[in-house]
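Reviewing the structure listed below.
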There are 2 protein chains.
Amino acid sequence: MATGRTHRPATRSRGIPEATVARLPLYLRALTALSERSVPTVSSEELATAAGVNSAKLRKDFSYLGSYGTRGVGYDVEYLVYQISRELGLTQDWPVVIVGIGNLGAALANYGGFASRGFRVAALIDADPAQTGKLVAGLPVRHTDELEEIVERNQVSIGVIATPAGAAQEVCDRLVAAGVTSILNFAPTVLSVPDGVDVRKVDLSIELQILAFHEQRKAGEDLGEAVARGTLPKAAEEAADRPGPDGDVPAVMPA
Amino acid sequence: MATGRTHRPATRSRGIPEATVARLPLYLRALTALSERSVPTVSSEELATAAGVNSAKLRKDFSYLGSYGTRGVGYDVEYLVYQISRELGLTQDWPVVIVGIGNLGAALANYGGFASRGFRVAALIDADPAQTGKLVAGLPVRHTDELEEIVERNQVSIGVIATPAGAAQEVCDRLVAAGVTSILNFAPTVLSVPDGVDVRKVDLSIELQILAFHEQRKAGEDLGEAVARGTLPKAAEEAADRPGPDGDVPAVMPA
DNA sequence: CCATCTTTGTGCACGCGTTCACAAAGACAT
DNA sequence: ATGTCTTTGTGAACGCGTGCACAAAGATGG
Ligand SMILES: NC(=O)c1ccc[n+]([C@@H]2O[C@H](COP(=O)([O-])OP(=O)(O)OC[C@H]3O[C@@H](n4cnc5c(N)ncnc54)[C@H](O)[C@@H]3O)[C@@H](O)[C@H]2O)c1
Ligand SMILES: NC(=O)c1ccc[n+]([C@@H]2O[C@H](COP(=O)([O-])OP(=O)(O)OC[C@H]3O[C@@H](n4cnc5c(N)ncnc54)[C@H](O)[C@@H]3O)[C@@H](O)[C@H]2O)c1
């Protein structure tokens, strides 16, 4: 998963487990697709497949929201779409500001999936005076000086940070001081925020590193298994034997 | 967290828990920063703070890699950087292809954080003939027809998908068929892949929806508590009372 | 060499999340 | 009305992840 939430110490918000909340958008997406195809009802099995999860998990997830299914039939698609939307707070509009209109920020601003789910880009903000006033995705880029005013006037509670890492904490502090209580951070830094403020991060580099780990493991597996079976010549065996904690590796980094 | 991994049923790869693997890049980033400041050693407490985690968790994480610390002193920064890099497979170069060079794909191509950690953009691929040959981040965009050849020739095992959702599964299938075994998916779709292929997804929309959920909860909290204390007039009380499973809500979605 | 002090490494307990498996609910046919 | 068949909702068991708390390791100073 390309996301990691900040430590929210097992806060079951109104009885809905955090893990379930994270899956609701997935169900919603699958349900919306069914709704567009005018499918009236769907079974937990079908929906689970569409959402890429286990059907028992899906049923348990829905059970936290209440009993919205009909035994022998399944779930009413429209009704479920409404219930999940309501639970996620998508029946209202959420004004969002994006700070840092560079490569990534501009891509985010142009992203259609934003508006499609009740999120409205209230403003684009950048510190570079050369950017100020430029139109990105039809919106004028505003200068950082106006940040507080924009947040307050538009009642923005969700902020997206797409600045370089060095500027992220400062931007975060200003957003929070101005009233933002939820932050989506694309900069590769750990943000510290006061209690009551949620931070979620998206870090491409971390995702790739996790993939690399598994990739390496896959590559080493065949070799490793061969070693275990003793079907390799001695030399290859030693090469495959990863240096263990016994420390026969150089204490310097080769790069 | 903006990331979700696809169902890897508790595969403790070589005894390192998945949760630990996901944190290693975080530690590595903090350690690299210390290394650049020529800090020789660091305690679990300091490093944990820098990485935004609990110190006990960090120590336990490191214990899976072996005993690399010195009691009473802490961890040798350079040595730890090397060990984690090795564990994550970052001592080798990983060629990566990006498919779908639109707003997002171009931003990713321009992203510096790619190359800084052993990931090398081997090629940019797009289906639009108008894009073919255009330079993005100094690399020429190649046409989808060449996908298989590019992947095979460059021994690419990691692919990034930044196409529209509708094209993602097809692109995924082609990447996998050509030999890619790890995929980072930015398109809002569930990808189905054969066993042995890892998929991680980054979904901005899901992240925002999770934030919206908590945001809504925060907003409703004061009101909800007031209701519980019975300090609200009847009308407001009923308005605050969210419709329960008893179903006094319309079965249609208001939007 | 001994005492003291710092910090690691981990045993242990607890809670969350996942999954199995099944009873009961309800649709539908007869 | 009764029986059959499908599918939900959930009890219960299990495993993973987290965090506390502490013993042991080792550095440091006398
Ligand atoms: N581009 C990607 O694909 C990508 C991927 C993952 C993470 N990131 C991260 O996202 C962030 C942005 O990446 P990018 O490629 O768009 O960088 P960029 O340099 O293209 O854009 C950064 C923008 O932030 C603005 N900025 C700088 N300081 C600011 C401040 N204090 N207040 C407001 N705006 C400020 C700059 O003027 C610039 O327009 C970086 O932290 C990067 O590491 C980018
Ligand atoms: N832009 C964002 O911030 C953002 C955020 C989250 C998710 N996404 C998702 O990322 C994807 C890309 O977003 P975008 O804004 O860059 O869209 P875009 O339309 O700007 O770019 C899509 C690119 O993919 C190419 N393409 C289409 N079909 C292809 C195929 N079969 N093979 C190869 N290339 C193909 C198109 O030619 C185009 O260049 C979308 O699925 C979007 O939902 C984007």
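In what follows, every heavy atom counts, from backbone to side chain, and hydrogens, waters and symmetry copies are set aside. So you know, we letter chains A, B, ... as the sequences are listed, proteins then strands, and number each from 1.
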In whole angstroms, the gap separating P of dT10(D) from CG of Leu58(A) amounts to 14 Å

Atom OH of Tyr68(B) and atom C1' of dA25(D) are separated, to the nearest Å, by 19 Å

Lys57(A) atom NZ is separated from dC16(C) atom P, nearest whole Å, by 17 Å

| query | Taking only N and O in the side chain of Asn54(B), is any of them less than 4.0 Å away from OP1 or OP2 of dG17(D)? | reply | no

query = Is a side-chain N or O of Thr32(B) found less than 3.5 angstrom from the main chain of Leu28(B), in a donor-acceptor match?
reply = yes

Between its two end axes (five pairs each) the helix from dC1(C)-dG30(D) to dT30(C)-dA1(D) turns, nearest 10 degrees, through 10°

Do Glu46(A) and Thr49(A) pair up side chain to side chain, a donor and an acceptor below 3.5 Å, judged on atom types alone?
no

Separation of dT6(C) atom P from Leu47(B) atom CG, nearest Å, is 20 Å

**Q.** Distance-only polar pair, side chains of Tyr68(A) and Asp76(A), donor-acceptor under 3.5 Å
**A.** no

Applying salt bridge (Lys or Arg N to Asp or Glu O under 4.0 Å) to Arg59(B) and not counting sequence neighbours gives none

Exercise. Closer than 4.0 Å, any side-chain N/O of Tyr75(B) to the OP1 or OP2 of dG9(C)?
Worked result: yes

*For Tyr64(B) and dC16(D), is the shortest distance between a side-chain N/O and OP1 or OP2 below 4.0 Å?*
no

Here the distance between atom C1' of dC16(C) and atom CZ of Arg23(A), to the nearest Å, is 11 Å

Testing dG9(C), dT19(C), dG9(D) for proximity to the side chain of Ser63(B), the answer is dG9(C)

Contacts of Asp61(B) and Gly69(A) projected onto DNA chain D by closest heavy atom; the upstream (5') one is Gly69(A)

With sequence neighbours left out, the residues meeting side-chain hydrogen bond (donor to acceptor under 3.5 Å, both in side chains) with Asp173(B) are Gln169(B)

Hey, does the side chain of Ser44(B) come within less than 4.0 Å of dT8(C)'s phosphate (OP1/OP2), counting only N and O? yes

Winner on side-chain proximity to Pro17(B), out of dT8(C), dG17(D), dC20(C), is dG17(D)

By side chain to side chain contact (heavy atoms under 4.5 Å, CB included), Ser182(A) pairs with (sequence neighbours left out) Ile158(A), Asp198(A), Leu211(B), Glu215(B), Lys218(B)

Each nucleotide of nucleotides 22-30 of chain C classed B (base within 4.0 Å of a protein heavy atom), S (only sugar-phosphate) or -, in 5' to 3' order, makes --BB-S---

message: On the nucleotide dT10(D), are OP1 or OP2 found under 4.0 Å from the side-chain N or O atoms that Lys60(A) carries?
response: no

- For Tyr82(A) and Glu78(A), does a side-chain donor sit closer than 3.5 Å to a side-chain acceptor? no

Residues at least two apart in sequence or cross-chain that pass salt bridge (Lys or Arg N to Asp or Glu O under 4.0 Å) with Arg117(B), listed by chain then number, are none

Glu45(A) CD to dT8(D) P, in whole Å, measures 8 Å

Legend entry - Between Ser205(B) and Gln209(B): side-chain donor-acceptor atoms closer than 3.5 Å: yes

